[in-house]
Amino acid sequence: MLDGAEPSVLDVKDLKTVFKTRRGEVHAVNNVSFHLKAGELLGVVGESGSGKSVTMMSLIGLLPSPPAMVKGGQVMFEGQDLLTATDEQLRAVRGARIGFVFQDPMTSLNPVFNVGFQVMEPLRKHMGLNKKAARKRAQELLELVGIPDAERRLDDYPHQFSGGMRQRVMIAIALACDPKVLIADEPTTALDVTIQAQILELMKDLRDKLGMAVIWITHDLGVIAGIADRVLVMYGGQIVEHAPVRELFANPKHPYTRALLETVPSVTGDRAERLRVIEGQPPMLTAQPNACPFRARCDKAFDRCQRENPARYSVGPIHDVACFWNPDTGGARDV
Amino acid sequence: MFDDTSRKTLVTVRGLKMYFPIRTGLLRRHTGDVKAVDDVSFDIYEGETLGLVGESGCGKSTCGRVVLRLYDPTEGTISIDGTDISTQGQGALRKMRPVMQMVFQDPQASLNPRMTVADIIGEPLVEHTKLKKAERLDRIYDLMDAVGLNRDFANRYPHEFSGGQRQRIGIARALALNPKFIVCDEPIAALDVSIQAQVVNLLEELQEEFGLTYLFISHDLSMVRHIADRVAVMYLGKIVELAPRDGLYTAPLHPYTEALLSAVPEPDPVAHDTANRTILQGDVPSPANPPKGCNFCTRCPRVMDICHHEDPAFREVQPGRFVACHLHNS
């Protein structure tokens, strides 16, 4: 699944998104490049404001413009650059070839329509099914995501579902047109742990069954460890580290990733007397991105980090890191 | 460390019930109750942190609030530092307030946006002490130092601060009157991972410095393992298990505790592949209409006949370990 021979379904190159504000431009996404292979689960991890959601929203033109502006880059999906596509072309992709699941299932479902209508909507719009066929498919979808008594529940309204069940409905809608790529933006953050565990199992199961590629955005390293094949770590609007999940947790190279892994307590394993702390605050992103975004909080930073923004240097077969410091030698990277 | 005889009990809660009435129809007749907290008993020893964990809607926040008498309990007694506060009038209660304070979940919502930081931290001092203005300002500066806020920011407003700094303001306000007991209601839930550790370390440092006692309410089991000395697990208004931290995390007795712990995703990909996880089916039932018998019987992987008609008693099964489950009723 991770070898380089397979073609990518989604290829993002040098994506740049800025927000125009009264205080100047905010560089929310800065030169982000990544690819996604068929059937793989790519985890994107970062704190709030690190640019993980904005990156995904930029891909498929979901950001309101103004204030947002995609300033450059290329997003190749099925032979088409999504950044230059017309609105009409984008509409044919969104919800059909690329599905979405958002964080809060209450605000992303429409409270005045029943669930059946909302699951059937993409089926009728994108696949041209008639009402009867769409209803039958909608019932199958609800069964697929594990909603009991699916036929009857099609006529229920979102408020009659619990949080976990609503998120299952959202997943059913996203899967309706058999998408090639599913983007899940913090889909379990608003849910309780026992419900989160249910949804994670469901997603792994569905991915194996349907063979779609998934981008899973989260701030929870535990979730990433359990679900992802490959991981992008984002900080300050940039990808700072990229590696397969086991490699990332066993052998993190970026000072931010290393610190982040140490700040998170666990329910098993050793218990530290004091938690490791990353001092300071995340950066504001209003300055031109011509220095490392992590420099102010980094205990390894030296002068070059203040003057230059590191590129992503390869440190293994599928492992790269945007940092001038080399943890293996303990000194500056030879670049 | 948990030797009951050598440690002083600061907070004693017995048979605490908090029911919110459901009123329906034109006459708003009382037709039922949401049993948010249903017969809960526990002690908190001086200087310790009791973690209170559970899923949303299990009544953990209500429990924290009613322990401070922010609600009037339906039944039961609460005594803090030797004083029974469960039936006290508001006047007497007010005299008790300096002893017991609270840190709220959402630092954005719990700080008045029209007051400066100095006003916010100083308000309890105005209300409860007779300090002169200059003395008060000294105390405010001391508090800001204690929680790691720059004194120069005293005249700024809450919106000028980040989430972690706002939570520090909330903590400074709670500390203003030298309390003995602080209820921390999900103090880190709204913060980013890297900021959570800063706030948790601050709470621990302050505890050591001022000898504070915490009731730490959280849904984050890994953070509770870090900060708490003993942990109580709530499910649908009841405490199902209460035990010293290490015992609870290594050998949980109640099937719900076990399921809850196994549902926490570990930040370790290798552990995920080998873990034998218990995934609970279904959702938490409504506290307005809890199931007959044990509250957990609808989701319990080890349910027995007796669980459907008899509510298990909450009892001490090993020294210091309490559990409410028929599996341990031999």
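Residue numbers start from 1 in every chain, and the chains themselves are labelled A, B, ... in the order their sequence lines are given, proteins ahead of strands.
- Both the backbone and the side chain of L221(B) have a heavy atom closer than 4.5 Å to some heavy atom of chain A.
- Under the rule for a side-chain hydrogen bond (donor to acceptor under 3.5 Å, both in side chains), T286(A) has no partner lying at least two apart in sequence or in another chain.
- Contact check for Q196(B) versus V264(A): no side-chain heavy atoms found under the 4.5 Å cut-off.
- Put simply, of L275(A), L260(A), T194(A), the one with the most heavy-atom pairs under 4.5 Å next to chain B is L275(A).
- Within a 6.0 Å sphere centred on CD of E151(A), heavy atoms belonging to other residues, nucleotides or ligands number 12 at most.
- Closest approach of Q198(A) to L280(B), counting heavy atoms only: NE2-O, 2.5 Å.
- Looking only at heavy-atom pairs under 4.5 Å with chain B, the residue among G280(A), G146(A), A259(A) that has the most is G280(A).
- Proximity to chain A at a heavy-atom threshold of 4.5 Å picks out L260(B), L261(B), A263(B), V264(B) from residues 254-264 of chain B, in numerical order.
- Contact of the E266(B) side chain with the V267(A) side chain is registered, since non-hydrogen atoms from C-beta on lie closer than 4.5 Å.
- Interface summary for chain A: among E205(B), E55(B), E204(B), the most heavy-atom pairs under 4.5 angstrom belong to E55(B).
- When every heavy atom of T263(A) is checked against every heavy atom of A197(B), the shortest pair comes out as CB-CB, 4.3 Å.
- Interface residue E201(A): only side-chain heavy atoms are found under 4.5 Å from chain B.
- Looking at V200(B), only its side chain comes within 4.5 Å of chain A, counting heavy atoms on both sides.
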Q: Start with the C-alpha gap between H219(B) and V193(A), add the side-chain angles, then the distance that decides, and say whether side chain to side chain contact (heavy atoms under 4.5 Å, CB included) holds.
A: CA-CA 8 Å; H219(B) 66 274; V193(A) 276; 5.9 Å; no
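- D192(A) and S56(B) make their closest contact through OD2-OG, 2.7 Å (heavy atoms, listed as atom of the first residue, atom of the second, distance).
- Of the candidates V193(B), I195(B), D192(B), D192(B) is the only one forming a side chain to side chain contact (heavy atoms under 4.5 Å, CB included) with S48(A).
- Counting only heavy atoms from C-beta outward, the side chains of P265(B) and Q196(A) approach each other to under 4.5 Å.
- Across Q198(B) and I278(A), no two heavy atoms sit closer than the pair NE2-O, 2.6 Å.
- The choice from G49(A), S266(A), P282(A) that makes the most heavy-atom pairs within less than 4.5 Å of chain B is S266(A).
- Heavy atoms closer than 4.5 Å to chain B are found in the side chain of R297(A), but not in its backbone.
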